[in-house]
Amino acid sequence: MNLLEGLNPPQLAAVTLPPQHALILAGAGSGKTRVLTTRIAWLISTGQASPQQILAVTFTNKAAKEMLARLSAMLPMNLRGMWIGTFHGLCNRMLRAHYRDAHLPQLFQILDAADQLATVKRLLKSLNIDDEKYPPRELCWFINAQKEAGLRPVAVEAWDDWTKKRVELYAAYEEQCQKEGVVDFAELLLRSYELLERNEPIRRHYQERFRHILVDEFQDTNRLQYRWLKLLAGGGGALFCVGDDDQSIYAFRGAEVGNMRDFEREFQVKNLIRLEQNYRSHGNILDAANAIIKNNPTRLGKNLWTEAGAGEPIRVFEAYSENEEARFIVEEVKALTNEGHARREIALLYRSNAQSRALEHALFNAGIPYRVYGGLRFFERAEIKHALAYLRLIANADDDTAFSRVVNFPTRGIGARTLEQLADAAKVRGTSLHAAIPHVAGAGGAKLAAFAELIRKLREAAALPLPELVEHVLDLSGLREHYRNEKEGQERLANLDELVNAAAAFIAEEGTAGAEGELSADLAAFLAHAALEAGEHQAGEGEDALQLMTVHSAKGLEFDVVFICGLEEGLFPHENSLVEEKGLEEERRLMYVAVTRARRRLYLTHAQMRLLHGQTRYNLPSRFIDEIPAGLLKFLNARQGKAMFGAVPPAPTLRNKSAPGGTSRFPPAPSFSSAPRRQESCGLRIGQTVMHAKFGLGVIVNAEGAGQDARVQVNFGNAGMKWLALSVAKLEPV
DNA sequence: ATAGACATTCTTTTT
DNA sequence: GAATGTCTAT
């Protein structure tokens with residue numbers, strides 16, 4: 001059968017397994033997605049399963065789309081009955097179908113992370129809670145962690161007063177969300193889980209329906225997701241899980257690699273298949289990845305190999321500053337494109353989003369087209385969120401988050417005072433803000449009533465086709481007018497127009513055309529779409545552009561050429577990770593993911609000096625570079641300053657000492673700003689890497705005194721920050 | 001009530 | 001540096 005053509009033996013085995021539970025350990029670039037989709041296509045085309053009997057779960061919308069696209073290419077049939085999507089998307093689908101049993105309003109709204117934070121803030125305010133003691137962000141994190149552990153407030157064990165109070169607030173938050181008819185991301189999962197657990201007919205229905213449950217990126221599932229899968233597979237459905245423990249990079253938000261072991265044990269998985277042949281990268285790149293990940297103690301064990309040749313060495317570049325790093329990359333990219341590489345096949349990866357700025361700046365100046373993933377997404381833009389808030393109020397006027405966002409936007413004279421009165425009225429009566437409007441007296445009350453009237457008018461239009469409804473909202477709400485009058489409003493206006501287009505496109509693709517009696521079904525679906533798929537949707541889609549993204553968002557992608565930037569201690573691995581339990585291991589897996597994105601050429605760059613959060617920091621090269629065998633590396637700039645040391649350093653200007661511990665933050669030495677990379681005569685300068693007999697490698701971050709009294713402060717990374725007298729300590733420039 | 005200046009805080013990754 | 005929160009002048 002040509003479906004199976006070209007599969008290697010383990011791949012073929014995985015694809016054609018009998019309908020039993022299976023765990024596929026699929027290394028990076030080993031054809032994981034291909035196995036998953038071919039498996040589904042094989043099940044269907046051999047008549048072993050109908051599309052309706054298949055449930056395929058992925059972690060990202062991108063992956064879900066990709067899978068659907070490949071399947072439609074393989075199977076000439078209607079795949080609409082198949083459930084393919086993200087955990088959140090599928091749970092949403094289930095809850096919409098059974099909203100009554102799930103105790104939700106038909107048009108329940110979804111809170112994204114920002115909405116959730118706003119809701120928590122509002123709650124704390126209404127309860128007069130000190131947000132110093134209970135930081136809203138922390139509280140959100142706490143609530144989500146409980147939900148992801150499957151715990152409602154009554155089930156949380158709290159021993160200390162602080163946690164007891166947080167549990168109380170969790171309960172209050174839940175009550176508030178229920179009152180408003182909104183659910184956050186974690187709630188989608190928990191609600192869906194509880195629905196299945198408590199409602200036997202519904203559970204049986206899905207258990208009997210889904211004969212094959214396939215899970216992508218299984219290593220990224222959290223406890224609750226795993227339990228959700230267990231429930232669904234409880235009726236004899238076969239669980240087919242594909243994952244790679246070495247690519248688990250979401251433990252920080254509750255992902256449990258341990259799910260893989262538990263799955264193997266609890267389901268008595270007999271079919272464990274390893275996919276270890278890599279079809280993506282040249283040998284040197286793979287060797288580097290293997291060498292790095294080998295340093296992690298707890299692995300299921302797996303070693304990637306390839307039939308491809310060794311390829312080029314991995315290029316390492318040390319820059320003086322983040323700007324020089326960016327300039328270097330620009331030059332290399334120019335050279336690469338001149339050699340015929342497509343820009344879309346070149347990726348710039350970094351640990352954190354903040355790093356993209358210097359890169360973007362340099363690329364922009366050089367006129368190189370680029371595309372940044374994961375920046376501010378379409379549906380997260382302020383003007384779009386405003387417009388969506390009006391739409392949300394049409395679907396559900398009790399949505400306090402949406403209400404608060406636009407009650408005075410565009411401004412209509414409803415100030416803080418009035419809103420306080422409104423919040424009080426709502427609290428006293430236990431209603432939503434919207435429902436409390438008639439109970440506010442005076443001038444403020446009149447203005448509020450006018451706003452209520454606006455909502456009423458908008459709701460009258462709810463029966464219009466979605467794109468027209470959006471148009472209507474933009475005009476009637478005054479949003480268009482507002483941005484027309486704003487100086488910098490042009491782009492925002494364009495975005496609002498784009499929202500109308502997005503609505504039209506959405507209807508064209510998945511509209512409920514013809515569904516009767518469900519007046520606002522399209523609206524609700526569109527709003528859910530906006531919350532769940534913040535919209536990777538960006539202009540310049542078709543252009544051949546350089547790809548910029550965080551390592552996290554690069555997972556699952558591959559490129560001919562990859563630059564991993566900012567490979568410095570404190571940045572990658574990130575300093576916050578070093579204090580976390582198992583933090584470094586996760587950073588290392590992240591590095592493994594980054595390295596394995598490259599097919600043919602890999603660059604590792606780092607800077608001696610970097611401006612971060614408005615302050616200059618001097619960092620050592622990342623330990624991950626050292627973990628790669630030197631034979632695989634090619635250092636592009638000769639390590640400088642070998643010959644000169646022992647001389648008396650120049651009299652450095654006295655600087656204030658840094659706060660102890662952590663990374664240093666200093667203004668750069670003045671002598672540098674004009675002539676980067678030039679050597680001082682003595683070979684010692686701020687930013688210089690030095691070797692110390694006891695402490696190892698370090699970077700000079702500060703200096704004071706002169707002559708015999710000269711002292712320097714050195715950041716030795718692991719060994720910490722030290723002040724050393726030059727007359728005593730032997731420091732060799734490296 | 002509102003806009004704008006000013007201060008403060010927090011910065012890892014995201015469905 | 002950005003984004004949010006607070007204060008001040010209108």
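Chain A is the first sequence line, chain B the second, and so forth, proteins listed ahead of strands; every chain is numbered from 1. Every value quoted in this text rests on a predicted model; they were computed, and no experiment measured them.
- Computed from coordinates, the E217(A) CD to dT13(B) P distance equals 19 Å when rounded to whole Å.
- In this structure, the side chain of E420(A) does not engage the main chain of R417(A) through any donor-acceptor pair within 3.5 Å.
- Rounded to an integer number of Å, the gap from CD of E587(A) to P of dT13(B) is 11 Å.
- With hydrogens and angles disregarded, no donor-acceptor distance shorter than 3.5 Å links the side chain of Q247(A) to the backbone of V593(A).
- D112(A) comes within 4.0 angstrom of nothing in the nucleic acid, heavy atoms only.
- Salt-bridge check for E380(A) with K385(A): failed, with every basic side-chain N at 4.0 Å or more from each acidic carboxylate O.
- Here dT14(B) is the nucleotide among dT15(B), dT14(B), dA1(B) with the atom lying nearest to any side-chain atom of H552(A).
- S553(A) has no side-chain polar atom (N or O) that falls below the 4.0 Å cut-off from OP1 or OP2 of dT13(B).
- With dT14(B), dA1(B), dT15(B) as the candidates, the nucleotide lying closest to the side chain of N353(A) is dT14(B).
- Applying the 4.0 Å criterion to OP1 and OP2 of dT14(B), one finds that T550(A) has a side-chain N or O inside that range.
- Distance F185(A) CZ to dT15(B) P: 8 Å, rounded to the nearest Å.
- Atom pair R588(A):CZ and dT13(B):C1' shows a separation of 18 Å (rounding to whole Å applied).
- Here N144(A) does not reach the OP1 or OP2 of dT15(B): none of its side-chain N or O atoms lies under 4.0 Å away.
- Counting to the nearest Å, the P atom of dT13(B) and the CG atom of L349(A) are 14 Å from each other.
- For F403(A) and F451(A), the ring centers are positioned less than 6.0 Å apart.
- For H386(A) (side chain) and A382(A) (main-chain N/O), a donor-acceptor pair under 3.5 Å exists by modelled atom type.
- An aromatic stacking contact between Y250(A) and the base of dT14(B) is absent, as defined here by ring centres under 5.5 Å apart and ring planes under 30° from parallel.
- One finds no side-chain N or O of R137(A) lying less than 4.0 angstrom from the OP1 or OP2 phosphate oxygen of dC10(B).
- Minimum atom distance to the side chain of T411(A) is reached by dA3(B), of the listed dT13(B), dA2(C), dA3(B).
- Look at CZ on F379(A): it is 19 Å from P on dT14(B), rounded to the nearest Å.
- Counting heavy atoms from C-beta on, the side chains of L611(A) and R617(A) never come closer than 4.5 Å.
- Taking 4.0 angstrom as the limit, R412(A) places none of its side-chain polar atoms (N or O) nearer than this to OP1 or OP2 of dA1(B).
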Could you write out each protein N or O paired with an N or O of nucleotides 5-9 of chain C at a distance under 3.5 Å?
from, atom 1, to, atom 2, distance (Å)
dG5(C), OP1, K121(A), NZ, 2.8

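- F263(A) has its ring centre less than 6.0 Å from the ring centre of F218(A).
- Atom pair E380(A):CD and dT15(B):C1' shows a separation of 11 Å (rounding to whole Å applied).
- In this entry the distance linking CE of M591(A) with C1' of dT13(B) reads 16 Å, nearest Å.
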